[in-house]
Amino acid sequence: MSRFIQAIRGMHDILPEAVASWHRIEDVSRQVLTSYGYAEIRTPILEVTDLFKRSIGEVTDIVEKEMYSFEDRNGDSLSLRPEGTASCVRAAIEHGLLVQPQRLWYRGPMFRHERPQRGRYRQFNQIGVEVFGLPGPDIDLEIILITARLWRRLGFAGLRLELNSLGDPDERQAYRNELVAYLSSHGDRLDAESIRRLHTNPLRVLDSKHPETQKVIADAPTLMDHLGESTRSHFQSVCSGLDQAGVPYRLNPRLVRGLDYYNRTVFEWITDDLGAQGTVCAGGRYDGLVEQLGGRPTPAVGFAMGLERMVELLALAGHASDAPVHAYLVAVGEQAQAEAPFLAERLRDALPRLRLMTHCGGGSFKSQFKRADRSGASYALVLGEAELERGIVGIKPLREQTGQQELDFGDLVSFLAGLTKDTLDRGASAQLSGSISTRRLQ
RNA sequence: GUGGACGUAGCUCAGUCGGUAGAGCGCAGGAUUGUGGAUCCUGUGGUCGUGGGUUCGAUCCCCAUCGUCCACCCCA
């Protein structure tokens, strides 16, 4: 056992029994995003390290101490992506997508070297949305409504929406100065980390959970009071849109985000059901990022969802399962076993949507039926010496008490077509009628 | 990165005041020599995470290491 190699820390296998939940989330997400006209984009997992330094921010924890960075053979510093926005922006600039508005989405693994715990892994998956070229509050509202629709479709209750506006850069700068002055005057009551942040990223101090620091924060000036007319009405428009749509939210003036590039609207969907890692989805506006990465000034909004956390929520809401196989083909006897794979192939030819599992490995009727039952199949197809001789197949319902029937190939195809909702044209079914034996067709 | 709990069969766990381990579930076979799911019977199962130390002897004590979980931190 000492030589057994385990998966690396914080990186997990998703086993077959769990995959159904992933499918559910991925399928619903794709459907919903497609229904709003969003197009999928796929970008590399690996990027030049500078891309993340310049987008996420050099003084953020992600860039400072959580990136998987290494030197390529030619000496370039590369990093596994810790999030998806930077790559999206890079690709949009690189391929000239920004000449017109773009509504994009992506999915895939992200990598951060954090201490693993529930809902936080070193390799984790996100689905994200990025919209380029639309400056108004209408699109902010749209992407939040997308997320609300997703929760409805997935049956997630109990998520709460928190909302804030970070203002525009000049507003934030003015506020930052005032905040630093205020916090500095109470420096003796702040925790060490907050004091360090005072000089690097003072807005993050608002996020602190430190009890004494929180008391100081409670009386701190708020960013909301420093918004100009334009940002204020932008934010109010988003809020009233949510009111009209009947999506409840909570204003949280201390909601800042860990990434430097956000401005104006920011939001988070939070659950209390997953312990300390309660943020399931978060995003906001980042109007300055495209230009910062070398593109023409282009407004942008987006969000990302943590799929592992969503999978956990789905487990709390009930179990997802993939559709089991329609039928399981049991074949006993040398002749029947030899014939079975080809019978199965002809059924699959006739019914492309049929989910049919063929028994392999021989064994008694008893053991094969046990397998058939455990496969979850609705029907067992039975091919033994007797059936072979008479040119028919037995079909036995495994989920109800009605008896076993005997059908020739044509009738079998028609019967299974009823399960798969495959439709047969007349020519095909004529061609398919007759004996079950492949050899007789040769 | 900091602090803490834990790691025994495929799974959930019990246990040994240090003398190389048990249950339930699962899995396989049988009771029905061509038919699953219920019941009963039988069987299968672990160098007790890994490496080292103390000891006549370690799964149990000590150290290290890897991993899981919780909180901080961070964030999706």
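Quick note on labels: first sequence line is chain A, next is B, and so on, each numbered from 1.
Between the side chain of A:R374 and the base of B:rG26, no donor-acceptor pair of N or O atoms lies under 3.5 Å. The base of B:rG36 sits within donor-acceptor range of the side chain of A:K396, with an N or O pair under 3.5 Å. Residue A:E66 places no side-chain atom within donor-acceptor reach of the base of B:rG1, judged by atom type and a 3.5 Å distance cut-off alone. The base of B:rU35 does not come close enough to the side chain of A:Q368 for any donor and acceptor atom to sit less than 3.5 Å apart. The base of B:rU68 has none of its N or O atoms less than 3.5 Å from a complementary donor or acceptor on the side chain of A:R9. Side-chain N/O atoms of A:R204 and base N/O atoms of B:rC73 include no donor-acceptor pair closer than 3.5 Å. Below the 3.5 angstrom threshold, one finds no donor paired with an acceptor across the side chain of A:D373 and the base of B:rG37.
The residue among A:F124 and A:A276 whose nearest nucleotide of RNA chain B is located toward the 5' end is A:A276. Residue-to-nucleotide proximity on RNA chain B shows that, of A:L398 and A:H113, the 5′-proximal contact is made by A:H113.
Relative ring orientation between A:W269 and A:W151 is described as perpendicular, the plane-to-plane angle rising above 60° on a 0-90° scale split at 30° and 60°. Taking the six-membered ring for Trp and thresholds of 30 and 60 degrees, A:Y38 and A:Y36 have ring planes more than 60 degrees apart, a perpendicular arrangement.
At a threshold of 4.0 angstrom between heavy atoms, the contacts of A:Y379 with the nucleic acid are absent. Nucleic acid contact class of A:R120 (heavy atoms, under 4.0 Å, all strands): base. Base engagement by A:V382 is indicated by at least one non-hydrogen atom pair under 4.0 Å involving a base atom. Nucleic acid contact for A:G10: sugar-phosphate only, since backbone atoms but no base atoms lie under 4.0 Å from a heavy atom of the residue. At a threshold of 4.0 angstrom between heavy atoms, the contacts of A:R371 are confined to the sugar-phosphate backbone, with no base atom among them. When heavy atoms are screened at a 4.0 angstrom cut-off, A:G394 is found touching no nucleic acid atom at all. In this structure, A:V332 reaches neither bases nor backbone, as no heavy-atom distance under 4.0 Å exists between it and the strands shown. No engagement by A:A380 is indicated, since no non-hydrogen atom pair under 4.0 Å with the nucleic acid exists. Using a 4.0 Å heavy-atom criterion, one finds that A:Q6 contacts the sugar-phosphate atoms exclusively. Using a 4.0 Å heavy-atom criterion, one finds that A:E17 contacts no nucleic acid atom at all.
The minimum heavy-atom distance between A:G362 and A:Q337, with the atom names listed, is CA-OE1, 3.7 Å. Between A:A282 and A:E268, the closest heavy-atom pair is CB-CG, 3.4 Å.
When side chains are defined from C-beta on, A:L381 counts as touching A:L356, because their heavy atoms get closer than 4.5 Å.
The P atoms of B:rA28 and B:rG10 are separated by 15 Å, rounded to the nearest whole Å. Taking atom C1' in both B:rC69 and B:rU32, one finds a spacing of 49 Å when rounded to whole Å. Nucleotides B:rU44 and B:rC61, compared at atom C1', are 34 Å apart to the nearest Å. Taking atom P in both B:rA21 and B:rC25, one finds a spacing of 23 Å when rounded to whole Å. Taking the C1' atoms as reference points, B:rG24 lies 38 Å from B:rC56, given to the whole Å. Using P as the reference atom, B:rU47 and B:rC60 are 16 Å apart when rounded to the nearest Å. Nucleotides B:rC72 and B:rA14 are separated by 34 Å at their C1' atoms, to the nearest Å. Separating the P atom of B:rU59 from that of B:rU54 is a span of 15 Å, rounded to the nearest Å.
The side chain of A:R118 approaches B:rC69 more closely than any other nucleotide in the set B:rU2, B:rC69, B:rG34. The listed nucleotides are B:rC75, B:rG30, B:rG29; the one nearest the side chain of A:S367 is B:rG29. Here the nucleotide nearest the side chain of A:R197, chosen from B:rC74, B:rG34, B:rG37, is B:rC74.
Across the strands present, B:rC48 finds no partner; the criterion is a Watson-Crick or G-U wobble pair with both atom distances under 3.5 angstrom. Pairing for B:rU20 is absent, judged as Watson-Crick or G-U wobble with the two contacts each under 3.5 Å. Pair assignment for B:rU55: none, as no Watson-Crick or G-U wobble contacts are both less than 3.5 Å. Searching all strands for a Watson-Crick or G-U wobble partner of B:rA38 with both distances below 3.5 Å returns nothing. In this structure, B:rU68 and B:rA5 make a Watson-Crick or G-U wobble pair, each of the two defining distances being under 3.5 angstrom. The partner of B:rA14, taking Watson-Crick or G-U wobble pairs whose two distances both stay under 3.5 Å, does not exist in any strand shown. For B:rG43, the paired base is B:rC27 (Watson-Crick or G-U wobble, both distances below 3.5 Å).
A:K65 has no side-chain polar atom (N or O) that falls below the 4.0 Å cut-off from OP1 or OP2 of B:rG1. Here A:Q117 does not reach the OP1 or OP2 of B:rU68: none of its side-chain N or O atoms lies under 4.0 Å away. Applying the 4.0 Å criterion to OP1 and OP2 of B:rC73, one finds that A:R112 has every side-chain N and O outside that range.
Ring centers of A:Y249 and A:F267: at least 6.0 Å apart, outside the cut-off.
Within the model, atoms CZ of A:R371 and SG of A:C360 stand 11.5 Å from one another, a figure rounded to the nearest 0.5 Å.
Across the protein-nucleic acid pair, A:Q401 atom CD and B:rU35 atom C1' stand 13 Å apart, rounded to whole Å. If you measure from atom CD of A:E312 to atom C1' of B:rC70, you get 13 Å, rounded to the nearest angstrom. As a whole-Å value, the separation of A:R115 CZ from B:rC69 P is 12 Å. Distance NZ (A:K370) to P (B:rA31): 11 Å, rounded to an integer number of Å. As a whole-Å value, the separation of A:Y121 OH from B:rU68 C1' is 10 Å. Taking atom CE of A:M11 as the reference point, atom C1' of B:rU68 lies 16 Å away to the nearest angstrom.
No more than 12 heavy atoms of other residues, nucleotides or ligands lie within 6.0 Å of CD1 in A:I8, so this atom counts as exposed by the packing criterion.
Ring-to-base geometry places A:F365 in a stacked arrangement with B:rG34 (centre distance under 5.5 Å, plane angle under 30°).
Between A:R309 and A:E312 there is no salt bridge, since none of the side-chain N atoms of the basic residue sits less than 4.0 Å from a carboxylate O of the acidic one.
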